[in-house]
Protein chains: 2
Amino acid sequence: MTDDADTRARLLDAAEELFYARGVQAVGMDELRAASGLSLKRLYRCFASKNELVAAYLRRRDARWRADLAAYVTAHAATPDAAPLAVFDWLHAWFAAPGFRGCAFVNAVGELGPASADVTHAAREHKRALHAYLTGLVRPLGVADPAGLATQLAILVDGAISNAALTADPCTAPQARAAAHTLLTTTPHT
Amino acid sequence: MTDDADTRARLLDAAEELFYARGVQAVGMDELRAASGLSLKRLYRCFASKNELVAAYLRRRDARWRADLAAYVTAHAATPDAAPLAVFDWLHAWFAAPGFRGCAFVNAVGELGPASADVTHAAREHKRALHAYLTGLVRPLGVADPAGLATQLAILVDGAISNAALTADPCTAPQARAAAHTLLTTTPHT
DNA sequence: TACCCTAGAGAACGATCGTTCTCACCGCCA
DNA sequence: TGGCGGTGAGAACGATCGTTCTCTAGGGTA
């Protein structure tokens, strides 16, 4: 058995679950070995170091998080106007889900921050991609400044996540949704 | 010399600088000893464990952070209407300050989270106090739902902090301020 | 059957962690 | 002057970390 895609997936599954639930530094490589069922040798053949594994964990989580969000929005938004608000409905469900513990990228940067350039880069890429997605959602609405409005929505998204993580109250999401609704209806149109 | 207030202050100064800059787990007790100039014995007489020191660091940072914010707002807000917006001007200056690295409480909870009840409690108290402060700022404006509006403003504050921390762009603050302005002017009044 | 390459299990390693202990030393009261 | 309680400096301790190494076992090929 070489380090094929299935092996990587199993390892990343274990890494995501443990890293997100307890933080990066609180999870040791031996625990990852036990959770993934792999041997240490294969683990280190997939990722040469813990840093690489952490970076891969963040990259995959970014892709999956945004794919889940986009799938929900396209499934639940009947009209283009409803799409930006559906983002906050998805957040509401996420906040209430067991194991929710805030933004994995904010947590990772707060924990490792300046010590790991890979983590900082992955987090920055995540936020940039989210902003681009939100810009795409508001552009069809014919607003005057899609990028600026997307930035304001992104601030609401991040704020809702942080607030929900600290207060453990999922109802932060409806409040953020209401604020987004206000911003969307009062922003100037072309 | 006993563990008087000056000793505690020096230790907490060092702890705040190091914990905030590099994360809690990345800073060892020996480094705190070197940075504070205290001996390990006195250090452990002030705080019986690292956990207690971390909790004290967060409590003092909460008090100072909110005092600084309140002082700025009272000094720079000419009218009650300007007060909530002044919050975001203060954030703007903070984001641009050297060493800014996001919300200390979000970072600490993300790093230690479920493993430390004291940290979670301190962070929750911080957010609760901020919400109470914002409620006090919007109440004189005669809005219909001061607490709800304060929650929305708190979401903007947290979102601006997270965004600025990840993107290293202080201009998140003006965008959050603009969003706050929209919310303030369109909220129903009594 | 004999050989060899690889994999798994886990011991080993050096570093570092939080915490405690040792020990020489100093100011203080009798 | 002579003990004495408390101090600072740092060694020591057990635990745990990320990473590497050893050793054994097994399966494919000639």
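The figures here come from the full heavy-atom set of this structure, side chains too, leaving out hydrogens, waters and symmetry mates.
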**Prompt:** Is a salt bridge present between R59(B) and D62(B), judged by a nitrogen-to-oxygen distance below 4.0 Å?
**Reply:** no
**Prompt:** How about E17(A): does its CD atom have over 12 heavy atoms from other parts shown lying under 6.0 Å from it?
**Reply:** no
**Prompt:** What's the verdict on side-chain contact (heavy atoms from CB on, under 4.5 Å) for L166(B) and D158(A), showing C-alpha distance, side-chain angles and the deciding distance?
**Reply:** CA-CA 11 Å; L166(B) 288 197; D158(A) 282 343; 5.8 Å; no
**Message:** Rounding to an integer number of Å, can you tell me how far R33(B) CZ sits from dG8(D) P?
**Reply:** 12 Å
**Fill in**
Separation of dA7(C) atom P from L38(A) atom CG, nearest Å, is 12 Å
**Prompt:** Should W94(A) and D68(A) count as side-chain neighbours, where that means a heavy-atom distance under 4.5 Å?
**Reply:** no
**Asked** Can T186(A) and T182(B) be counted as having a side-chain donor-acceptor contact under 3.5 angstrom?
**Response** no
**Prompt:** Could you run down nucleotides 13-21 of chain C 5' to 3' and tag each one B, S or - for protein heavy-atom contact under 4.0 Å?
**Reply:** -----SBB-
**Prompt:** Can a side chain N or O of R45(A) be found less than 4.0 Å away from OP1 or OP2 on dA7(C)?
**Reply:** yes
**Phosphate OP1/OP2 of dT7(D) contacted by R42(B) side-chain N/O (<4.0 Å)** = no
**Asked** Could R66(B) and Y133(B) be counted as a cation-pi pair, given that NZ or CZ must be under 6.0 Å from the ring centre and within 45° of the axis?
**Response** no
**Asked** Distance-only, no hydrogens or angles: does the K127(B) side chain make a donor-acceptor pair with backbone N or O of F105(B) under 3.5 Å?
**Response** no
**Message:** Quick one, R61(A) and Y20(A) - any side-chain contact, counting heavy atoms below 4.5 Å?
**Reply:** yes
**Prompt:** Given axes from five pairs at either end, by how many degrees does the helix from dT1(C)-dA30(D) to dA30(C)-dT1(D) bend, rounded to 10°?
**Reply:** 30°
